[in-house]
Amino acid sequence: MVDIGLFGLIVVAIAAGFFLGWRQRGRRLQEDTRHFGPKYFKGLSYLLNDQADSAVDAFIESLEVNPDTLETHLALGNLLRRRGEIAKATRIHQNLLARPSLTTPQLHEAQLELARDFIHAGLLDRAEGLLQELVEVNSQYKPEALGHLIEIYQDEKDWDKAIEAANQLNHRRFGRNNGARAIARAHFCCELAEDALERNDVLDARRRLQKALGYDRQSVRASLLWGQLEHSLGNEREALKALQRIPHQDPELLVESLDLVCACYERLGDHKGLQRYLEELLAQYPSSSLAIKMAEQVRWAKDDYAAADCIAEHLRRRPTIKMLNRLVELHLLHSEGRARDNLQLLKQLVDQVLEAKPSHHCRKCGFAGNQLHWLCPGCKTWGSITPITGVEGE
Ligand SMILES: [Zn+2]
């Protein structure tokens, strides 16, 4: 089938290029048009015969590359890339790089676009080489090149290189959006801390976590990892010190630390301390998970009925499906006959509702899923995913 969209795109691009050329070089218009005519119609015939690759070649040849028509070539290449026509976009950008008539900044712009083509094509090694060159020669496109290099190193999980590239970006006058870059660097350090923990290298893990907090004092991930590390070593007080920073760093993420906090207090045998801590948190940051943890403490200290009353009290103030589910579970333990059958049915329905609903979402792009990703799979933002709140969540 003839690709009408592509045809339109190329014709518009060339028409724009000719207009620019005509404006600059009125006298040469007739000569250009004589050259343009046969190649233009040759390209058209390729398109009509469904040979889009040959058509792009014909159009590349038909529009001379010079500083006046550069933008047209770049616009066509970028439009092709956005349409997913990566091979054609690559050919257009490679054609530009082969032209000595362009200035150095113009060649660098074409090189950056070619690197973007390679990234889209998954040819990360080739993209990396082109981008590193732009960084080394201190091109005006260095910030963009460093930004893409960071994305590549993230994909390759080469965290040391990602930190190095982010540091270079930060030292420059163009270091806008420093907050997001600090958050990203803290996550790179946390990734390295996780690697160290896998190797049982506790000293290196602590060093990496300290660095993460140096980049971003609000790094919940660093505090959580620190808590896990100390808890695994039996240092419960140290673990709690790290974990109890989390409500101040980002209250929305404190539910992620609750299991570990409870495990630390339980290992210390300090149930009263845990109950006091949960009460304080509930007063400031009410959530389903906190109320359920609190009810577990009441259950341990008293019985199932007292735990059910605790849940019911929080449910009245803040109705959520998770708390309703827990309340039904507690009543099921002590019901019989028809009441038990009906509660069982209710529990099945509530379980189905909970299974169908995601537990986490991205504050930036709305991506939703059932686990906490530190890097959003939707928009590739670090630290943008939080537990969902409201009736269907916390
Ligand atoms: Zn997102």
Side-chain angles (χ1 to χ4, degrees), residues 78 81-84 86 115-122 124 127 131 143-159 161-163 165-167 169-170 174-195 209 212-213 215-225 246-258 285 287-289 320-322 353-394:
N78 296 352
R81 185 174 64 233
R82 278 207 290 277
R83 286 168 47 94
I86 309 295
R116 285 173 173 159
D117 296 338
F118 287 145
I119 290 172
H120 272 78
L124 299 186
L131 295 166
E144 288 87 350
L146 282 168
H148 288 305
L149 280 171
I150 292 170
E151 288 166 19
I152 290 173
Y153 298 141
Q154 273 180 199
D155 281 355
E156 293 175 340
K157 300 195 185 301
D158 193 336
W159 308 112
K161 278 192 180 174
I163 293 172
N167 284 345
L169 200 53
N170 226 29
F174 35 71
R176 282 177 298 160
N177 206 2
N178 259 333
R181 205 147 31 244
I183 290 169
R185 283 189 296 178
H187 280 282
F188 301 156
C189 292
C190 288
E191 293 282 351
L192 288 165
E194 284 183 358
D195 291 347
L209 293 175
L213 288 166
Y215 286 129
D216 176 18
R217 295 295 311 157
Q218 308 304 316
S219 174
V220 170
R221 187 181 184 183
S223 299
L224 203 52
L225 277 171
I246 294 174
H248 310 287
Q249 291 174 317
D250 188 346
E252 281 190 69
L253 287 173
L254 87 86
V255 296
E256 306 296 335
S257 67
L258 287 180
Y285 317 109
S287 71
S288 305
S289 298
T320 70
I321 297 171
K322 270 171 98 169
V353 172
L354 283 174
E355 266 172 39
K357 299 288 177 190
S359 58
H360 291 74
H361 71 160
C362 173
R363 284 183 271 214
K364 199 172 167 194
C365 74
F367 170 88
N370 274 323
Q371 58 172 307
L372 174 67
H373 294 278
W374 293 112
L375 179 65
C376 173
C379 64
K380 303 280 177 200
T381 302
W382 287 101
S384 59
I385 291 195
T386 56
I388 291 174
T389 53
V391 177
E392 293 170 358
E394 290 297 335

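Every value quoted in this text rests on a predicted model; they were computed, and no experiment measured them. In what follows, residues are counted from 1 in the order of the sequence shown. In listed order, ligands and their atoms are each counted from 1. These numbers come from the heavy atoms of this one structure, side chains and all, not from hydrogens, waters or symmetry mates.
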Can Thr320 and Glu392 be said to form a side chain to side chain donor-acceptor pair (under 3.5 Å), step by step? CA-CA 6 Å; Thr320 70; Glu392 293 170 358; over 6 Å; no
Interatomic spacing from CG in Leu375 to CZ in Phe188 - rounded to 0.5 Å: 8.5 Å
I'd like to know if Glu194 pairs up with Arg221 as an ion pair, taking the criterion as any Lys NZ or Arg NE/NH1/NH2 lying under 4.0 Å from an Asp or Glu carboxylate oxygen. yes
Between Glu394 and Ser289: side-chain donor-acceptor atoms closer than 3.5 Å: yes
Going by distance alone, is a donor N or O of one side chain under 3.5 Å from an acceptor N or O of the other, for Arg185 and Asn167? yes
Within a strict 2.8 Å cut-off of the Zn ion (ligand 1), protein N/O/S atoms tallied 4
Between Trp382 and Gln154: side-chain donor-acceptor atoms closer than 3.5 Å: yes
